[in-house]
Amino acid sequence: MAHPFQCITSISSDNGSCLLAACGSKILSVKLDGTVASEWSAEAVLQSNSAENDDEEDKRPAKKQKTAPVQAIVAASPNVIKLVVSPNQEHVVAITDDKAVRVFSIDADFALNELSQRVMPKRPCAIEVLPDNATILCGDKFGDVYSLPLVASPINGGNEAVNSAPQPTAVQPSTFKPSATTLTVHSGRNRLALEQQMKQKNLTAKSKEPLKFEHKLLLGHVSMLTDHTFATREIDCKQRGYIITADRDEHIRISRGPPQAHVIEGYCLGHTEFISKICLIPGTDLLVSGGGDDWLGVWEWPSFKLRRKLDIRAAISGLGSEETRVAISGLWIAPAVNIDDGMPETVLVATSEQTPALFCMATKSLLEEDSTFTTVEIPKSPLDLTCIDDELLLSLDERTTDSPRLQAYRLTVDASDMQTTVLASRSQETETKLAEANKSPSSKVEEKPLNDLLYGIANLRKRGDASAPDEQTAE
Amino acid sequence: MAGPPQKKQKREEKQKDGELPQKKYYRQRAHANPFSDHDLKYPESPAAMDWAQHYPAFAEPQSANSDAIATPRAMTKQVQVADIGCGFGGLLFALAPRMPETLILGLEIRTSVTEYVQEKAKALRVQHSVAGADESASKAVVAQHENATANPQHGLYQNVSCLRANTMKFLPNFFHKHQLSKIFLCFPDPHFKARKHKARIVSLTLASEYAYVLQPQGRVYTITDVEDLHHWMVGHFAAHPSFERVAKEEEEGEKEDECVSVMRTETEEGKKVERNKGKKFVAVFTRIEDPEWP
Ligand SMILES: C[S@@+](CC[C@H](N)C(=O)[O-])C[C@H]1O[C@@H](n2cnc3c(N)ncnc32)[C@H](O)[C@@H]1O
């Protein structure tokens with residue numbers, strides 16, 4: 001059985017373009033001349049503290065997931081679960097399922113070179129590099145969002161920097177160390193209050209070691225965090241940054257960007273099922289969100305207004321398969337050309353878990369009254385998607401060794417009719433170049449763990465937790 | 001969801017209109033896990049919340065408007081005071097006659113306890129309705145408080161209600177930005193073990209949510225008998241740039257904020273601590289304006 005590529009992304013630089021594809025614990029960089037430039041394999045980060053499993057119990061989705069014994073976790077190579085590239089295309093950041101954030105530099109020949117590994121207190125679920133190309137934003141499923149410097153500054157012969165200032169340790173929210181956070185103490189009176197606090201020894205819980213690298217807790221949800229994205233707007237000739245976060249309890253929160261991430265500007269509310277993905281529409285003030293609801297939300301996020309609900313359940317039902325429940329696994333913006341004038345366009349591409357199709361809509365028609373999704377059927381369920389130049393590369397859940405795991409498409413927008421539609425055509429030329437990547441390594445894998453790795457979204461749906469412990473009576 | 005059927009039945013047998021509910025029928029296990037899903041009902045947004053059902057005396061008269069069915073009834077006032085984890089509501093019922101024109105809401109995660117507070121509000125409304133026989137009683141209660149300016153047209157306790165909610169997750173579903181003027185956090189569950197600290201109702205990140213629903217100059221009132229928890233709450237609010245602790249005189253002594261006195265003496269927990277001659281730790285914070293964008 002072949003292991004599909006669970007995440008893909010791409011780099012475009014002066015040296016050309018390159019596809020990065022994660023297969024289990026490996027990351028391949030595949031040049032578009034067809035050669036594999038490098039292959040990197042994750043090794044588990046040795047953790048000083050492996051008794052972390054007890055932290056996970058409270059926030060799980062209703063379905064119980066079995067926790068592998070700690071031993072097994074340490075022995076196995078960790079899987080890559082997220083892969084992103086910095087805006088300037090100079091660094092790659094991966095999350096592996098040993099809770100590590102790993103940063104890579106990319107050399108001229110697209111080989112990856114691992115610079116650092118930082119093990120977060122909780123398993124990260126979303127990550128991005130901010131427009132400053134120097135800061136990582138990293139959200140974990142327990143709802144906290146941290147910022148980390150992209151390049152961890154080494155001290156003491158290669159160790160990661162420990163901030164000399166008292167750091168609030170993310171590992172133990174119980175340790176209260178004020179200067180630790182971005183939330184700086186601002187008034188004399190509060191400083192006094194804090195000093196008094198610091199005299200209390202009890203504030204330090206000894207349960208866990210503090211993180212040994214620079215990090216800041218920016219904001220947190222008590223609900224399970226599912227996605228975040230960083231937005232900017234220009235107001236009075238100045239850039240303002242915003243952190244937009246989404247959670248399993250139907251919230252989309254808009255906070256200011258650092259250094260004022262403690263200010264919540266507002267919420268986009270209206271979903272009635274979990275939200276799993278959010279996606280900004282470039283050049284607009286629109287945000288698209290999706291999850292377990294039958295529709296995708298189109299929000300004018302600066303005013304928190306829901307402008308439109310796009311019926312995606314209808315598109316899924318159109319496929320005629322049995323499972324029509326929505327579990328949005330991806331939202332992307334892909335390039336396209338206009339069929340009439342050849343001008344560039346952009347297309348929103350949505351996928352739903354275990355549903356072999358891409359649901360496409362030209363971004364310019366998101367708010368048009370009766371625009372609908374164009375369904376592009378694909379051979380297997382989509383896992384991830386990335387764009388190189390004007391093409392879209394797609395990773396499929398293909399587990400046989402003789403069919404390709406990667407496909408390439410070109411999108412065309414046809415606005416000549418009443419209804420704007422999206423056409424997709426395979427790009428044979430690119431697929432030929434990907435042949436080698438399609439052949440290469442295929443870690444051994446079993447069905448069940450692979451399914452757990454690839455498909456976690458539908459589990460976010462709530463099940464009416466009848467066994468909630470609060471219904472019992474006292475004494 | 002209601003409590004066990006047997007209890008429910010007993011409650012209904014005993015309780016007549018206008019008769020106060022009895023606590024013994026509403027007791028419930030002390031702790032609820034704030035991280036589990038429960039079977040919570042909450043509006044998808046504050047605009048979708050039907051407040052008229054909680055405060056009928058403050059609902060706009062029903063219009064003949066056709067979309068009146070779809071949208072919740074408009075209100076003449078919004079909730080301004082929230083008691084988070086209100087328990088059996090001692091504070092709520094003490095505050096209500098003191099500020100009869102201010103809507104006060106208790107939020108409580110335990111079902112039966114919530115029901116108790118709702119029943120008690122109903123009964124008190126009947127007992128203190130203007131039309132009712134007890135008019136003089138209402139007047140007397142109002143008269144006790146010098147700064148109760150209004151002579152409420154609708155009797156007392158119309159301004160107090162309670163709903164079931166996990167406030168750690170769903171505060172923004174109930175309240176608009178800057179809606180509240182006061183938030184009370186009275187005798188929160190201490191969750192002593194370090195591993196359980198994340199279940200505490202105060203944290204640096206939750207303080208951002210309290211700041212979101214509070215108007216600038218609004219206040220957070222905290223009280224506890226657990227010194228460690230007091231330091232925890234002070235530490236987290238003081239470290240948050242949106243909050244500033246008020247002057248000592250307002251927390252204690254002659255110039256004490258009236259709400260502090262009420263909170264000390266009228267909460268169920270406050271009374272318990274009093275009986276056991278325990279110490280009470282109070283801290284009050286002002287929500288300051290958001291900073292200019294950098
Ligand atoms: C110790 S009692 C204090 C009751 C009351 N404030 C008093 O002072 O008498 C704490 C209350 O907070 C409630 N509570 C705990 N977590 C909560 C949450 N996340 N949302 C709402 N209520 C919560 C508990 O159910 C409990 O009734």
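All values derive from a computational prediction rather than experimental measurement. Numbered from 1 within each chain, the chains take letters A, B, ... in sequence-line order. Quick note: numbers below take in every heavy atom, side chains included, and nothing from hydrogens, waters or symmetry partners.
Taking both residues in full, the closest heavy atoms of B:Thr205 and A:Leu219 are given as CG2-C, 3.6 Å, listed atom of the first, atom of the second, then distance.
Using a cut-off of 4.0 Å between Lys/Arg side-chain N and Asp/Glu carboxylate O, A:Arg233 and A:Asp285 are scored as salt-bridged. With respect to B:Lys280 and B:Asp225, no salt bridge is recorded, no charged nitrogen being found less than 4.0 Å from a carboxylate O.
For the pair A:Arg307 and A:Trp299, the cation-pi criterion (under 6.0 Å, within 45° of the ring axis) is not fulfilled.
For B:His176, the ring pair (Phe, Tyr, Trp, His ring centres under 6.0 Å) criterion is met by no residue, not counting sequence neighbours. Scored by the ring pair (Phe, Tyr, Trp, His ring centres under 6.0 Å) test, B:Phe175 finds no partners at all (sequence neighbours excluded). Contacts of B:Tyr116 classified as ring pair (Phe, Tyr, Trp, His ring centres under 6.0 Å), with partners at least two apart in sequence or in another chain: B:Tyr26, B:Phe88.
Using a 4.5 Å heavy-atom cut-off against chain B, the contacting residues of residues 264-276 of chain A are A:Ile264, A:Glu265, A:Gly266, A:Tyr267, A:Leu269, A:Gly270, A:His271, A:Thr272.
For B:Leu206, the part lying under 4.5 angstrom from a heavy atom of chain A is the side chain only.
In terms of heavy-atom pairs under 4.5 Å with chain A, the best-connected choice from B:Trp293, B:Phe170, B:Tyr42, B:Tyr212 is B:Trp293.
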